[in-house]
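What follows is a single structure, written as structure tokens, with notes after it.
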Protein chains: 2
Amino acid sequence: MAKTRNTKQRQLILDELRSTKSHPCAEWLYQRVKAKMPNISLGTVYRNLAVLKEQEIIQELPRAGSQSRYDSNPNPHYHFFCLECGRIDDIEEPYLEKVNSEITGKLTEYVVLGHFTEFYGLCPQCKKSK
Amino acid sequence: MAKTRNTKQRQLILDELRSTKSHPCAEWLYQRVKAKMPNISLGTVYRNLAVLKEQEIIQELPRAGSQSRYDSNPNPHYHFFCLECGRIDDIEEPYLEKVNSEITGKLTEYVVLGHFTEFYGLCPQCKKSK
DNA sequence: GTACATGCAAATTATTTGCAACAGG
DNA sequence: CCTGTTGCAAATAATTTGCATGTAC
């Protein structure tokens, strides 16, 4: 891992992210940090989030790539995302209702309608080539 | 639901999506359909995917909104996404290892490293206002 | 002093939209 | 015909990047 510095900007961004439970986006953090350091730029926020993520100090909420992807099967089912080659396979396993009910039992204040799950790891091809 | 027509473009896009298991993005579908109908436009592909999704003939793989969102906790944990107001809360429930192991048992050809799960439904506030 | 970081703006990437012409039912 | 749909191009939205300057260590 490359060397990094403790800049005022990076610290402010991290503090701001730690001060909230809202899982904010870059723009939101930018506005907040800007209040304390008016000429910080949005590019700096993006660059620092990337560094902090790289260092595993924070995480970016999961999404498979930057583009939307589509499935001709409209029914909920699970996918397996290969971290190596990016391919997405369907999983035959039936939708785990018990996962919903387990969480529903804990989150009585909420209405739990369902869950999205993606498994990740290595697909058969990428497993072999390791 | 509004009235829709069976255009040649829509049918080709759907056929192309059904012909693959790769969960493609709009651009990929555009290239494929373009081979059969050279002056189709990318905007048409996006518009048709939106219509087909609306009709629940296909699905778009889940992603909470168009922007990346960040979390100051780098450890895997679950989130609850409110379909009404878009807020994302942390769930205290510990990571369900048994979900991984259940899938690992089925996908013996794969290396299952983990899973991303987001629950969705209504948060306490939105539940009340219904 | 050196190289990582920054601010700024321009460039990319992904997606959406306005509009006049087209075509399915 | 009537109105949903298309192709095209321009507009947005989100993110990334080049570059000269700044600053942490």
Side-chain angles (χ1 to χ4, degrees), chain A residues 1-17 22-71 81 86 88, chain B residues 1-17 22-71 81 86 88:
Chain A
M1 188 179 303
K3 225 170 300 184
T4 61
R5 287 177 187 168
N6 274 341
T7 61
K8 180 137 199 235
Q9 288 87 339
R10 184 165 303 157
Q11 194 57 55
L12 279 174
I13 292 164
L14 183 54
D15 288 347
E16 207 59 64
L17 183 55
S22 72
H23 307 82
C25 64
E27 180 66 36
W28 188 96
L29 288 166
Y30 170 59
Q31 296 300 339
R32 289 313 204 76
V33 173
K34 207 164 135 85
K36 294 180 180 164
M37 181 181 266
N39 45 8
I40 193 173
S41 76
L42 182 54
T44 294
V45 174
Y46 276 106
R47 273 184 291 225
N48 277 300
L49 289 171
V51 169
L52 292 167
K53 184 173 71 167
E54 172 72 19
Q55 296 177 148
E56 298 182 7
I57 291 172
I58 67 173
Q59 69 169 311
E60 183 178 348
L61 300 195
R63 42 172 42 211
S66 59
Q67 295 164 295
S68 286
R69 297 180 66 159
Y70 300 86
D71 190 330
F81 178 67
I88 297 176
Chain B
M1 190 179 300
K3 225 171 299 183
T4 61
R5 287 176 186 167
N6 274 341
T7 62
K8 181 141 196 232
Q9 288 86 339
R10 185 165 302 157
Q11 194 57 55
L12 279 174
I13 292 164
L14 183 55
D15 288 348
E16 207 59 63
L17 182 56
S22 72
H23 307 83
C25 62
E27 180 67 35
W28 189 96
L29 287 166
Y30 170 59
Q31 296 300 339
R32 290 312 204 77
V33 173
K34 207 165 135 85
K36 294 180 181 164
M37 181 182 268
N39 45 7
I40 192 172
S41 78
L42 182 54
T44 295
V45 174
Y46 276 106
R47 274 185 290 225
N48 277 301
L49 289 170
V51 170
L52 293 166
K53 184 173 72 166
E54 171 73 20
Q55 296 177 150
E56 298 182 7
I57 290 172
I58 67 172
Q59 68 169 311
E60 182 177 350
L61 300 195
R63 43 173 40 214
S66 60
Q67 294 164 296
S68 286
R69 298 181 65 161
Y70 299 86
D71 191 328
F81 178 67
I88 297 175

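Everything numeric here is computed off the predicted structure, so don't read it as measured data. Below, read A as the first sequence line, B as the second, and so on, with proteins coming before strands; counting in each chain starts at 1.
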For the helix from C:dG1-D:dC25 to C:dG25-D:dC1, what angle separates the axis at the start from the axis at the finish, each from five pairs, in steps of 10°?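 Axis-to-axis angle, ends of the helix: 40°.
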
Between B:Y70 and A:A26, which heavy-atom pair has the shortest distance, and what is it?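 Taking every non-hydrogen atom into account, CE1-N, 4.1 Å.
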
For B:I40 and B:Q9, which heavy atoms make the closest approach, and how far apart are they?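 Minimum heavy-atom separation between B:I40 and B:Q9: CD1-CG, 3.7 Å.
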
Would you confirm whether A:H23, through its side chain, and B:D71, through its main-chain N or O, come within 3.5 Å as a donor-acceptor pair?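 Checked: no pair found.
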
Could you state the [atom1]-[atom2] distance from [X] to [N], rounded to the nearest angstrom?
X	N	atom1	atom2	result
A:L42	C:dA5	CG	P	18 Å
B:K34	D:dT6	NZ	C1'	14 Å
A:I13	C:dA5	CD1	P	12 Å
A:E60	D:dA14	CD	C1'	12 Å
B:Q11	C:dG25	CD	P	11 Å
A:Y30	D:dA14	OH	C1'	14 Å

Please tabulate, for side-chain N and O atoms in residues 41-52 of chain B, each donor-acceptor pair with protein atoms closer than 3.5 Å (sequence neighbours left out).
{"from": "B:S41", "atom 1": "OG", "to": "B:T44", "atom 2": "N", "distance (Å)": "3.4"}
{"from": "B:S41", "atom 1": "OG", "to": "B:T44", "atom 2": "OG1", "distance (Å)": "3.3"}
{"from": "B:N48", "atom 1": "OD1", "to": "B:R10", "atom 2": "NE", "distance (Å)": "2.5"}
{"from": "B:N48", "atom 1": "OD1", "to": "B:R10", "atom 2": "NH2", "distance (Å)": "3.0"}
{"from": "B:N48", "atom 1": "ND2", "to": "B:T44", "atom 2": "O", "distance (Å)": "3.0"}

Flag the pair B:L29 / B:R32 as yes when at least one side-chain heavy-atom distance between them is below 4.5 Å, and no otherwise.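 With C-beta onward as the side chain, the pair stays apart.
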
Are the side chains of A:I88 and B:S22 in touch, meaning some heavy atoms are under 4.5 Å apart?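 Answer no - side chains too far apart.
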
Less than 3.5 Å between a donor and an acceptor, one on the side chain of [X] and one on the base of [N], is that the case here?
X	N	answer
B:R47	D:dG4	no
A:R10	C:dA5	no
B:R5	D:dT3	yes

Considering every strand and a 4.0 Å limit on heavy-atom distances, what is the contact class for A:Q9: base, sugar-phosphate, or nothing?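 A:Q9: backbone/sugar contact only, no base atoms under 4.0 Å.
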
Check every strand shown and say whether A:I40 touches a base, only sugar-phosphate, or nothing at a heavy-atom separation below 4.0 Å.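 Contact class for A:I40: sugar-phosphate only.
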
With a 4.0 Å limit, can you tell me whether B:N6 has a side-chain N or O closer than that to the phosphate oxygens OP1/OP2 of D:dG4?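 For D:dG4, OP1/OP2 do not have a side-chain N/O of B:N6 under 4.0 Å.
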
Contact under 4.0 Å: A:T7 side-chain N or O vs C:dT6 OP1/OP2: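 A:T7 to C:dT6 OP1/OP2: side-chain N or O found under 4.0 Å.
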
Please pick, from C:dG25, D:dT15, C:dG7, the nucleotide with the shortest atom-to-atom distance to any side-chain atom of A:Y46.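 It is D:dT15.
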
Identify which nucleotide among C:dC4, C:dT6, D:dC8 has an atom closest to any side-chain atom of A:T44, counting heavy atoms from C-beta outward.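 Nearest to the side chain of A:T44 among the choices is C:dT6.
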
Mind checking the CD-OG1 spacing from A:Q11 to A:T7? Nearest 0.5 Å is all I need.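 Rounded to the nearest 0.5 Å, the CD-OG1 separation comes to 8.5 Å.
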
